[in-house]
Structure formats: C-alpha cells, structure tokens
Amino acid sequence: MRIGLYPGTFDPVTLGHLDIIRRACSLVDRLVIGVAINRDKGPLFSLEERVAMIEAECAGLSAQTGCEIVAHPFENLLIDCAKDVEAGIIVRGLRAVADFEYEYQMVGMNRQLDDSVETVFLMAEAEHQAIASKLVKEIARLGGDVSKFVTPSVRDALNARMHP
C-alpha cells in the first residue's frame, strides 16, 4: 500500500488544500492529512475543529478517488510523523517560487533525518495559487467574501468565528 502524508495547519482548509489532496490521491492508496498542532501560529480554529473540517471536506473526495483519506493530528517532527503513519511519501503543495525556497530547505533536512521518505511537490492549480489560509482569515475578519477560496461550510465556520 502506498501511503502519503500531506502536512499543514489547515487553519482553515482551503480550496487550494483540497485541490492538492484530490491530486495527491492519484499517487497513493492512503493519504494521511497531518494536521499540525502548532501553538506558535496561534490557530483560529482548535485542533479538533480543524480535524473535523478536514474529515468533512474529504469524505466526498475519498469516495470519488477511491483513496482512503484520514486526518492525523501531530506535534512531532514531520519526518517522525511520516514514520508513525508509515508514509513513504510526503506531499507538499507549492503556490509560488517563495514556497519553493522554504520547501527545498525542509526536504534537505528531512533527507538527512531519513532518506527513505521521498517528498513530492504538487503545484496548486492556477485559480488556487494565490490562496493562503492567512489571507482568507484576514478577508473574513474584515467582512469580505471568502466563497472563492473555501467551501460553503468552511466559509460559514469562518463567518461564525469572526462575526459571532
């Protein structure tokens, strides 16, 4: 069984994330969505809420693609999380050249820690390349329409959180 790990904070999950997840499913039999517990980032949504969003948004994708998709919270090193879930592939989404600089360094470090785990980069589709969770949260906070960037249920969760 080919197992992939797609890590991120997913605060919130965006259409860009879902695009990468959908396309990663063609590469693996099981895709683990590693939901990072990153206290330094101060997420808007709790870990439980982010995991629930991933599970809800990916249920249909799993049925469409035939790929098992599971959410897995983690707080350890990414390479250790990959070992924990028996992933042979780490999937990373790229939006722009600036993403590549950081990701290139991460691959080098991860290869030093365990060279048996490969990293695969997937470019976001053109219509999703500008989407960043941080920007989506800022638009929602300022009362803007985020429906071009997230699913309706995520939009509703953002609006409920930002404007109770």
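Computed from a predicted model, the values in this text were never measured in an experiment. Excluded from the calculations below are hydrogen atoms, water molecules and symmetry mates; all remaining heavy atoms, backbone and side chain alike, are included.
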Taking every non-hydrogen atom, the tightest pair across His72 and Val32: CB-CG1, 3.4 Å

Value rounded to 0.5 Å, distance of CD in Glu49 from CG in Leu44: 8.0 Å

Side chain proximity check, Pro7 to Arg92, heavy atoms < 4.5 angstrom: yes

Exam field: side chain Ser62 to backbone Cys58, donor-acceptor pair closer than 3.5 Å: no

Glu86 atom CD, neighbour heavy-atom count above 12 within 6.0 Å: no

Min side-chain heavy-atom separation Glu57-Leu18 under 4.5 Å: yes

Mutual orientation of the aromatic rings belonging to Tyr6 and Phe10 [parallel < 30°, tilted 30-60°, perpendicular > 60°]: perpendicular

Minimum heavy-atom distance between Ile69 and Ile33, given as atom pair plus value: CG2-CG1, 3.8 Å

Distance, nearest 0.5 Å, that separates CG of Leu158 from CE of Met53: 6.5 Å

Separation between CD1 of Ile89 and CZ of Arg2, rounded to the nearest 0.5 Å: 7.0 Å

Any side-chain heavy-atom pair of Leu78 and Leu113 under 4.5 Å: no

Ile3 side chain near Met1 side chain, heavy-atom distance below 4.5 Å: yes

Validation row: Arg111, Glu118 side chains within 4.5 angstrom (heavy atoms): yes

Side-chain touch Val13/Val154, heavy atoms, less than 4.5 angstrom: yes

Shortest non-hydrogen contact from Leu135 toward Ala130: CD1-O, 4.0 Å

From CG (Leu5) to CD1 (Ile90), nearest 0.5 Å: 6.0 Å

NZ/NE/NH1/NH2 to OD/OE distance under 4.0 Å, Lys134 and Asp11: no

Distance in Å, Phe149 CZ paired with Leu15 CG, rounded so as to fall on 0.5 Å steps: 9.0 Å

Backbone N/O of Phe45 and side chain of Arg50: donor-acceptor pair under 3.5 Å: yes

Side-chain heavy-atom pair Glu127, Lys148 within 4.5 angstrom cut-off: no

For Ile131 against Gly16, the heavy-atom pair lying closest together: CD1-N, 4.2 Å

Pair Asn76, Asp84: side-chain N/O donor-acceptor within cut-off below 3.5 Å: yes

Check: His17 and Ser133 side chains under 4.5 Å, non-hydrogen atoms: yes

